[in-house]
Every structure is written in C-alpha cells, then in structure tokens.
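Computed over heavy atoms, backbone and side chain alike; hydrogens, waters and symmetry mates excluded. Chain letters run A, B, ... following the sequence lines, proteins first, then strands; residues in each count from 1.
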Protein chains: 2
Amino acid sequence: MNLKQLSHMLALSQTTVSRALNGYPEVNEETRRRVIDAAKRHGYRPNPSARRLATGKTGMIGYVLPTGTAVDIDPHFVEFLSGLGDYARSHELDLVLSPADADDQETTYRRIVANRQVDAVYISSPRPADRRVALVSTLGIPFIVHGRSEGLDFDYPFTDIDNEGAFHEAARLLIQLGHRRLALINGDDRETFAIHRERGVRRALAASGLALGEDHVCSLAMTEENGYRAARRLLEQSDAPTAITCSSLIMALGVVRAVRDLGLTIPGDLSLIAHDDVFPWLKPENFSVPLSTTRSSIRLAGARVAERLAARISGLEVGARGEVWPVDLVVRGSVAGAPA
Amino acid sequence: MNLKQLSHMLALSQTTVSRALNGYPEVNEETRRRVIDAAKRHGYRPNPSARRLATGKTGMIGYVLPTGTAVDIDPHFVEFLSGLGDYARSHELDLVLSPADADDQETTYRRIVANRQVDAVYISSPRPADRRVALVSTLGIPFIVHGRSEGLDFDYPFTDIDNEGAFHEAARLLIQLGHRRLALINGDDRETFAIHRERGVRRALAASGLALGEDHVCSLAMTEENGYRAARRLLEQSDAPTAITCSSLIMALGVVRAVRDLGLTIPGDLSLIAHDDVFPWLKPENFSVPLSTTRSSIRLAGARVAERLAARISGLEVGARGEVWPVDLVVRGSVAGAPA
DNA sequence: CGAAAAGACCAAAGCGCTTTGGAAGACTCT
DNA sequence: AGAGTCTTCCAAAGCGCTTTGGTCTTTTCG
C-alpha cells in the first residue's frame with residue numbers, strides 16, 4: 001500500500017493525503033480524519049527510503065564504531081546503549097553503527113554526512129583536541145559529545161559527568177581519613193575523562209600540601225588484569241600507597257586480587273575507592289569488602305544523549321550548551337583511616 | 001556531485017555512467033575506464049538513499065534490540081559486535097540497531113522488513129520455538145541465527161557453538177576426577193544455550209549412572225551477584241556439590257567469592273569450570289585460582305555471522321545450513337580430584 | 001456588493017539512482 | 001549487397017515520497 005494507491009482509493013490527490021498525514025494546516029479537518037482513518041485501516045506506512053530521498057531526513061542517529069582485531073569495544077558501551085536505545089525507541093529512532101578503521105574514522109564520518117545517512121551523530125570517549133569533534137562540527141551535522149574534549153577553540157554540545165569533582169571528593173575523603181600516600185589507577189590517559197580524574201586527585205592532594213607521586217599513578221586499559229598489575233606495582237614499592245582511587249570497577253577486581261595475593265587486607269592495609277558506571281552484572285556492594293564508589297549511571301547518560309540528539313534533530317535544541325552531571329560518592333566498607 | 005552532473009561532464013548518458021560504474025558488460029572498456037577515472041577524480045559517490053529507492057538494497061544489516069528500563073543488554077553483545085563490526089567494515093556494511101519493546105519485537109521486525117530498512121537481520125539469544133525465527137523466516141528476509149532454536153518445524157541457517165558438547169566434556173572431566181555431586185549454575189534456562197548446557201551435564205552424569213539433582217541446578221541472569229547466591233545456596237545444603245559447572249565468567253566471580261566467604265577453597269573443596277566467551281577485560285587465567293573453562297570466542301562468532309549475512313545478501317549462500325562450532329576445554333588450576 | 005483574503009485541494013516537478021526497451025553503427029555471413 | 005548480430009550507447013520510465021506553484025471556491029470586510 002503506497003501513497004498513490006491510498007490517495008486513489010480516497011479520491012484525493014497524493015498531495016492532500018501526504019499533507020493530511022504530516023499535519024500540514026492547509027487541509028480540512030474532516031478530510032484529515034478520513035485520510036488518517038483510511039491510512040490506519042489499510043496499514044499504510046510511508047516508505048522511508050522514498051521519504052528520505054525527498055526530505056533528507058532518515059530517522060536514524062549514527063555512531064562511528066572503531067573496529068579492528070586489536071580494538072576492543074568498551075564494555076561500558078552496552079550500558080550506554082541500553083539507555084540510548086530505550087529513549088530512541090520511544091521516539092522511533094534507529095541507531096546505525098558504522099564500523100570504521102580505528103585509525104581512520106574521518107573517512108567514515110565524512111561518508112555518513114555526505115550520504116545523509118543519519119540525522120545526527122554522537123561521539124564518545126573524546127580526547128583533548130579531539131579531531132572528531134572538530135570534524136563533525138565543521139561538517140555541520142547535529143551532534144552531542146558524550147564526555148568532553150579540551151583545548152578546542154570553539155564550543156560544542158556535550159553531556160559529561162564531573163569526573164574531576166568525583167575524584168577530588170574521593171581523594172579528599174581519603175586524606176581526611178589520614179591517608180598521605182594516595183595512588184590512582186586510571187584508564188587510558190589519552191582520554192579526557194582520565195585526565196580529569198587525575199586532576200581531581202591532584203587538586204585534593206595539593207589542598208593539603210600533598211602530591212601525587214609519578215610512580216603512584218597508572219594509566220592503562222581498564223581490564224581486570226591491568227588493575228591487578230597496577231596494584232602489584234604500587235603496593236610492592238617502598239613507599240606504597242595506603243589508599244587507591246581507581247577508575248573502574250573491573251580494574252578494582254584486579255586490585256582486590258592483588259591485595260589478597262600480597263597478604264594484605266582492605267581496608268586495614270589499603271583503602272579503595274573506584275568509579276562505578278552502574279553495571280547490572282557487577283555491583284560494588286557485592287565485593288568481598290563492599291566497595292566505596294563514585295557512582296554515575298552511564299545508562300542514564302545514554303538516555304540523555306539520545307534525548308538531546310532528538311531535540312537537536314527537531315530543532316528544539318540549538319547552541320553549544322555543555323552539561324556536567326554531579327557524581328555521587330558512596331562510602332562503603334573499603335575505606336578506613338590510614339594504618340598507623 | 002551526482003550522477004547527472006558526472007554524466008553531463010563526460011558527455012555520456014546517466015545510463016552508461018551508471019552501468020560503467022556498476023560493472024555491467026554492455027559498456028566499452030575504454031569508456032568504463034574514463035568513467036571510473038572521472039568518478040574517482042571528482043569523488044563521486046552514488047547517493048545511497050536514491051540507490052536504495054531504486055534497487056531496494058540498503059547496504060545495512062539489522063538487529064532488533066530489546067530495550068526497556070528493566071531490560072539489560074547482555075555484556076556479551078559488545079564482544080559479538082566487535083567481531084561483527086570488524087567484518088562489516090571490510091564489506092562496507094553498516095549495522096542498524098532498531099530498539100524494540102522487549103515484549104513486542106514482532107512489530108519492529110515487521111516494520112524493518114516492510115520498510116526494507118535492511119538487507120538482512122540476525123537474531124541472537126534464541127529460545128526454543130523462537131517466534132522471531134519463525135517470523136523472520138516467513139517475512140522472507142535473509143537472516144542468520146546466532147545460537148539455535150529448537151522445536152521449529154522448518155530448517156533455518158544458524159551459527160552456534162556446541163554448548164551441549166562443551167558442558168558434557170566439562171562434566172565428564174569432573175566425573176573422571178571422582179566427583180559424584182555436580183552442580184550447574186546456568187544462565188536463563190528459557191534460552192536454548194542454557195538448555196543445551198544442562199543437557200550436556202546430564203548426559204555426562206547419566207553415562208556414569210549419576211544424575212543432576214533438582215537442587216543442584218540454578219538458572220539465573222548471568223550476574224556476579226547471582227553467581228554468588230547460587231553458589232551459597234548450593235554449598236550450604238547438606239549434600240553440597242564438590243564440583244560446579246558455570247555458564248559464565250561473571251557468575252564465576254560470584255562463585256569464587258561465595259567459596260571464600262564460606263571458608264572453603266578451590267580446588268580443595270570445590271572444583272569449578274566455567275564457560276568463557278573470551279572477554280579482553282576478564283580472563284580466566286587471572287582468577288585467584290586459574291579457572292578451567294570451556295572456551296569459545298564470541299567475537300569470532302560475530303565475524304562469522306557477519307560473513308554469512310553478507311554471503312546471503314549477495315546470494316552466495318542459500319539454504320538452511322546450521323553450523324556448530326566445537327568448544328575447547330581448557331584445564332587450569334580450579335579442578336582437582338574430589339575431596340575424600 | 002465587489003475586491004481581497006483565506007481555505008481546500010491538485011498537477012506536476014523534483015529527490016538521484018537503476019533499468020527497460022530501443023536505436024545507431026560496425027561487423028559477419030551468405 | 002542485404003540480412004542478421006554484436007557492440008555500444010541513450011531516452012525515458014520508474015522507485016514513493018514531499019513540496020512548489022497554482023486553481024477554484026468560500027468567506028470576510030470596507
């Protein structure tokens with residue numbers, strides 16, 4: 001059932017039927033009702049390919065997915081996607097993932113914009129002076145950055161959490177508890193979130209006249225194994241930290257294992273606070289010693305990003321407003337006063 | 001730069017240019033070279049919307065993504081996606097995720113087929129007599145099932161691993177080691193993979209005149225917490241198992257925690273074998289006691305599914321061939337002879 | 001009461017591609 | 001030389017929708 005058939009059946013022109021369906025004003029309300037009714041009864045659904053060709057609108061939002069045998073997609077992605085998908089569904093948006101060579105995403109961005117394959121895109125895991133942000137911005141497609149870049153000479157719309165504030169608070173708490181030697185087990189420090197977290201820890205230390213030693217900060221891909229290695233390295237050195245802040249729950253698993261292997265205890269020998277993105281399948285309260293966390297649901301962020309994308313597509317949102325969400329500090333058993 | 005401009009510039013008809021570009025035979029090789037050359041030089045890329053409208057081909061593969069606030073996307077998804085994306089990239093395919101109400105995916109399947117939004121779809125986490133498989137099959141869109149359904153009265157193409165064989169082997173090993181009371185901590189037993197795994201364990205036990213007690217099998221969403229709960233429940237009962245087979249590495253984390261909480265040891269008091277889908281961020285060899293596993297890379301499966309989808313789209317693959325991959329049993333420190 | 005404005009509808013021109021159904025010229029064959 | 005065959009190219013008809021630029025009635029109002 002296409003527009004031609006439907007309009008013929010109603011003895012109306014395609015123009016009028018199309019307008020009736022799309023809510024244009026220049027059609028009699030009585031006629032509109034007839035049209036809508038008939039469309040529903042016959043299950044008429046405009047062909048999206050045709051509509052897209054005519055309007056340029058696709059009803060899709062895009063994401064360039066870096067791939068390659070050596071490239072691992074972040075497990076956070078799936079939670080983000082849950083939120084994004086949930087919102088997208090309610091607004092009849094689909095998400096198209098365009099796989100790209102991790103080292104050349106630009107080509108793919110250009111392609112999806114040139115081809116008008118999507119109405120908007122989002123960018124995640126931004127880095128300082130992120131080229132993707134600059135690119136997408138000049139290409140003129142609506143977009144939202146999940147996270148933040150830095151050192152760009154223009155503003156852009158983003159949704160981020162207060163990583164610096166979160167880790168500042170975490171470190172401050174540890175310092176208040178008497179800890180003097182803090183360490184940070186961080187994610188890849190080429191990404192802004194990691195830089196912000198480190199900044200937060202340093203700022204808290206500096207406020208008490210302390211500093212983060214060069215050998216007290218690790219920056220690695222967020223795997224259990226790297227958490228373990230980092231913790232071993234930190235805890236086996238002469239001025240081992242008495243407290244660790246950690247960028248991920250998965251790394252924290254490794255930290256806990258290292259602590260156990262070394263015959264130490266949490267929080268007796270080591271206090272630990274990790275960032276929790278809120279996974280359904282791994283919860284900080286279920287660690288053998290319940291884990292203190294800085295908590296922020298990445299799923300909510302996904303929903304928010306989708307919401308803003310939808311708003312930008314429909315022109316409801318304009319400008320370059322960045323929003324930063326506060327992060328909860330949730331104290332559980334894994335922190336205690338510094339050992340004597 | 002569109003076809004019209006390009007053909008005008010070459011003083012050829014759109015027909016000829018189109019044919020030259022798409023490799024049709026009825027065009028002079030000399031002319032073809034000129035056209036291809038000019039197209040490249042001017043960066044001509046056919047507009048996919050237009051091409052789609054004309055041909056019906058989209059260059060996209062679809063996946064219906066169940067969403068909802070109470071619905072968690074499986075973290076395995078991201079690994080599967082890595083493989084799928086990697087292959088898709090090399091074949092210039094995009095992936096479109098269509099979010100759907102988890103309780104009504106049918107509408108979405110019908111929509112994406114009716115609208116010709118994708119060239120093929122894949123289905124994951126199938127259940128016995130899965131309605132999606134039946135639906136997609138009658139809708140007539142090319143598809144591949146990742147996993148298997150059962151009890152359908154027709155054949156369909158799938159790629160699955162030998163879940164039954166894997167868990168059969170795991171259980172057999174444990175029995176050979178003298179274990180008599182085995183337990184199974186399984187995933188959601190409404191899904192076929194879980195059913196097959198249970199079947200494998202039962203078969204191995206039966207071969208030695210043993211059985212899987214009703215209270216020795218748990219079927220839950222695969223979270224750390226559920227792994228913990230299940231293990232507690234199993235290990236605290238009077239005829240506690242001396243060996244556990246477990247459907248996921250994440251659940252195994254919980255099992256290990258439970259064992260520790262109960263003051264037991266692996267493999268002294270309990271042998272443990274879990275299924276490993278091969279995550280980059282959590283490796284069985286890094287468990288405090290290296291974990292024995294049945295191993296199968298879900299990422300490879302993703303690549304294979306993409307490959308088959310591409311083949312079906314281009315007509316290279318037809319028919320309903322199902323393929324079943326063998327699973328490796330990797331023995332590490334977490335298994336030992338049954339306690340005396 | 002007549003002119004201007006508003007209301008309701010339509011024919012046709014795109015959007016940019018593929019594909020059908022020729023047509024013109026060059027070649028082969030008898 | 002005329003008939004048939006290739007080879008090579010083209011004009012034009014879709015694909016199914018939106019939107020422009022009208023036309024023909026009605027209504028409004030000085």
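- Taking 4.0 angstrom as the limit, B/Asn22 places a side-chain polar atom (N or O) nearer than this to OP1 or OP2 of C/dT18.
- Here the two rings, on B/Phe158 and B/His146, have centers that are 6.0 Å apart or farther.
- A/Thr31 contributes no side-chain N or O that forms a donor-acceptor pair with the base of C/dA8 under 3.5 Å.
- Considering only side-chain atoms of A/Arg51, the nucleotide from C/dC9, D/dC17, C/dG16 that sits closest is D/dC17.
- Here the side chain of B/Asn22 pairs a donor or acceptor atom with the backbone of B/Ser18 at under 3.5 angstrom.
- When the side-chain nitrogen and oxygen atoms of A/Tyr24 are compared with OP1 and OP2 of D/dT19, one or more of them lie within a distance under 4.0 Å.
- The phosphate of D/dT7 (OP1 or OP2) has no side-chain N or O of B/Asn28 nearer than 4.0 angstrom.
- Between C/dG16 and B/Tyr44, no contact under 4.0 Å exists linking OP1 or OP2 to a side-chain N or O.
- Tested against B/Tyr63, the residues B/Tyr122, B/Phe80, B/Tyr109 include a single ring pair (Phe, Tyr, Trp, His ring centres under 6.0 Å) partner, B/Tyr122.
- For the pair A/Asn2 CG and D/dC15 P, the computed distance is 8 Å after rounding to whole Å.
- Protein atom CG of B/Asn47 is 13 Å distant from nucleotide atom C1' of C/dT18, rounded to whole Å.
- The distance between atom CG of B/Leu53 and atom C1' of C/dG16, rounded to the nearest whole Å, is 9 Å.
- Residue A/Thr16 places at least one side-chain N or O closer than 4.0 Å to OP1 or OP2 of C/dC10.
- Rounding to whole angstrom units, CD of residue A/Gln5 and P of D/dC15 are separated by 10 Å.
- The distance between atom CG of A/Leu21 and atom C1' of D/dT19, rounded to the nearest whole Å, is 15 Å.
- Comparing B/Ala50 and B/Glu26 against DNA chain D, the residue whose closest nucleotide sits nearer the 5' end is B/Glu26.
- Counting heavy-atom neighbours within 6.0 Å of A/Gln5 CD, excluding the residue itself, gives a total above 12.
- No hydrogens or angles were tested; on distance alone, a donor-acceptor pair under 3.5 Å links the side chain of B/Thr15 to the base of C/dT19.
- Heavy atoms of A/Ala11 sit under 4.0 angstrom from primed sugar atoms or phosphate atoms, though from no base atom.
- Put simply, CG on A/Leu12 is 10 Å from P on C/dA11, counting in whole angstrom units.
- Regarding A/Leu3, its CG atom lies at a distance of 12 Å from the P atom of D/dT19, rounded to whole Å.
- Positionally, the nearest nucleotide of DNA chain D for B/Ser13 lies more toward the 5' end than for the other of B/Ser13 and B/Thr55.
- The environment of CZ in B/Arg321 is crowded: more than 12 heavy-atom neighbours from other residues, nucleotides or ligands sit within 6.0 Å.
- Each of B/Ser49 and B/Arg19 has a nearest nucleotide on DNA chain C; the 5'-most of these lies closest to B/Ser49.
- The separation between A/Arg45 atom CZ and D/dG16 atom P is 16 Å, rounded to whole Å.
- Going from atom CZ of A/Arg89 over to atom CG of B/Leu97 covers 14.0 Å, rounded to the nearest 0.5 Å.
- Both A/Val27 and A/Gln14 lie near DNA chain C, and the one whose nearest nucleotide falls closer to the 5' end is A/Val27.
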